[in-house]
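No hydrogens, no waters, no symmetry mates; every other heavy atom, side chains included, goes into these values.
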Amino acid sequence: MLKQNDNELLSFTTYTQPEHKNWIVFVHGAGGSSKTFSRQIAAFKKHFNLLLPDMRHHGGSQDIELLSENDMSFDIVGRDILDLMDHLEIETAHFIGISMGSIVIRMIEQLAPERIESIIIGGGVMKLNTRTHILFRAGLFFSKWLPYHRLYQMVAHILMPKENHAIARKLFIREASKVKEEAFKSWLSLISGLKTKLDELFDVPLKVPTLMITGTQDFAFVDDIREYANLFPFVKITEIPKCGHVCNIEKADLFNKHSLEFLLSFKS
């Protein structure tokens with residue numbers, strides 16, 4: 001079932017079966033949309049009810065109120081998803097986040113930890129190292145002159161440079177082209193100013209069972225994922241060889257296999 005947003009709620013898709021009691025909420029990355037989880041739907045809907053929202057200004061949620069760059073925050077993005085869960089009367093759910101979606105889930109955990117049963121993070125952004133931080137800050141600077149879709153293409157090629165990353169890269173570039181220019185700048189500003197917050201969160205353990213799935217070719221983020229998992233050994237980590245940042249697209253079968261093995265151990 002697809003519901004278009006009404007300028008207050010996010011646009012979303014649900015897949016439900018009467019026999020399923022448990023929900024999964026999928027949180028896409030910046031510039032993407034719920035369509036980036038298309039390779040998960042068939043496998044996961046056999047076991048769970050699924051909620052796939054489009055975050056504000058992405059996908060079908062283009063008409064959600066556009067906030068200024070100073071007012072935009074990941075707390076607001078997290079509350080959007082909690083408001084949608086309230087509307088659908090979903091009390092708790094498992095959460096799966098890709099790329100920047102991992103940050104949104106961490107914000108939701110800060111706001112309402114009781115709503116989260118478990119977390120799966122694919123291509124997680126646990127820190128912004130100096131190189132990645134400079135990349136995002138440079139993107140914000142050059143957004144004054146470069147068309148935003150060209151800027152996103154450049155960032156996508158830097159984060160996903162290899163030939164085997166091409167499908168994921170093209171999908172994210174395609175979805176990002178649908179984001180309006182002012183919304184793109186607002187999100188870019190939000191992301192570029194995130195380093196301090198992530199540095200604070202890095203020393204904070206996740207409070208629910210967590211699986212991190214990462215490609216060994218996720219050059220910008222894999223080292224930080226490994227470091228976080230070493231810091232908190234109860235966090236499980238699975239590395240997929242010869243795979244880049246968006247592992248749920250590039251190696252969907254392996255991502256689905258590892259995720260379902262983890263999730264089904266909690267199913268009631």
Side-chain angles (χ1 to χ4, degrees), residues 26-43 52 54-55 57-62 96-105 120-129 131-143 146-181 183-185 187-188 190-192 194 212-225 238-256 258-259:
F26 292 83
V27 186
H28 64 79
S33 76
S34 57
K35 291 183 179 179
T36 57
F37 292 108
S38 60
R39 299 185 180 199
Q40 278 64 64
I41 292 170
L52 295 93
D54 289 324
M55 290 193 290
H57 314 142
H58 292 69
S61 298
Q62 297 284 345
I96 297 179
I98 298 296
S99 189
M100 291 293 172
S102 64
I103 303 173
V104 178
I105 292 174
I120 295 174
I121 289 172
V125 181
M126 307 308 292
K127 266 188 180 180
L128 293 185
N129 58 37
R131 182 176 60 181
T132 310
H133 181 57
I134 291 172
L135 171 63
F136 287 135
R137 294 294 297 179
L140 180 61
F141 177 77
F142 286 111
S143 67
L146 287 177
Y148 78 94
H149 58 275
R150 182 62 57 84
L151 187 63
Y152 192 89
Q153 288 175 8
M154 292 170 57
V155 172
H157 278 276
I158 292 170
L159 294 180
M160 296 174 274
K162 289 185 171 290
E163 185 177 347
N164 55 296
H165 306 167
I167 294 175
R169 185 172 62 236
K170 288 178 181 177
L171 177 57
F172 263 81
I173 290 173
R174 186 191 73 193
E175 292 304 303
S177 68
K178 302 174 185 178
V179 178
K180 297 176 182 177
E181 184 167 4
F184 179 86
K185 290 181 179 179
W187 273 83
L188 185 60
L190 172 63
I191 293 166
S192 68
L194 191 63
M212 294 186 175
I213 303 176
T214 180
T216 58
Q217 296 173 345
D218 190 0
F219 308 115
F221 304 111
V222 65
D223 288 341
D224 297 323
I225 292 170
T238 295
E239 298 191 19
I240 300 178
K242 298 180 181 179
C243 179
H245 182 53
V246 191
C247 50
N248 70 303
I249 295 176
E250 191 177 330
K251 298 285 187 178
D253 289 345
L254 284 174
F255 180 90
N256 296 349
H258 293 304
S259 297

His58 side chain to Ala30 backbone, donor-acceptor under 3.5 Å: no
Reported NZ-to-NZ distance for the pair Lys242 and Lys251, which is rounded to 0.5 angstrom: 8.0 Å
Distance-minimising heavy-atom pair for Gly123 and Asp218: CA-OD2, 3.7 Å
Identified side chain to side chain contact (heavy atoms under 4.5 Å, CB included) counterpart of Phe172 within the set Leu159, Val246, Ile167: Val246
Shortest non-hydrogen contact between Ile121 and Ser102, atoms and distance: CG2-CB, 3.6 Å
Distance-minimising heavy-atom pair for Phe255 and Ile96: CZ-CG2, 4.0 Å
Atom pair OG1 (Thr214) and CE (Met126), whose distance is rounded to the nearest 0.5 Å: 11.0 Å
Pairwise distance CD(Glu239) to NE2(His258) - rounded to 0.5 angstrom: 11.0 Å
Closest heavy-atom pair and its distance - Ile240, Cys247: CD1-CB, 4.4 Å
Any donor-acceptor pair under 3.5 Å from Asn256 side chain to Gln40 backbone: no
Smallest separation among heavy atoms of Phe221 and Gly124, with atom names: CB-O, 3.4 Å
Nearest-0.5 Å distance, OG of residue Ser38 to CG of residue Leu171: 6.5 Å
Approximate separation, where rounding is to 0.5 Å, of Ile213 CD1 and Thr238 OG1: 6.0 Å
Student check: side-chain heavy atoms of Asn164 and Gln217 closer than 4.5 Å: yes
Glu175 CD to Thr36 OG1 distance, which is reported to the nearest 0.5 Å: 7.5 Å
Considering all heavy atoms, the nearest Asn248-Arg39 contact: O-CB, 4.2 Å
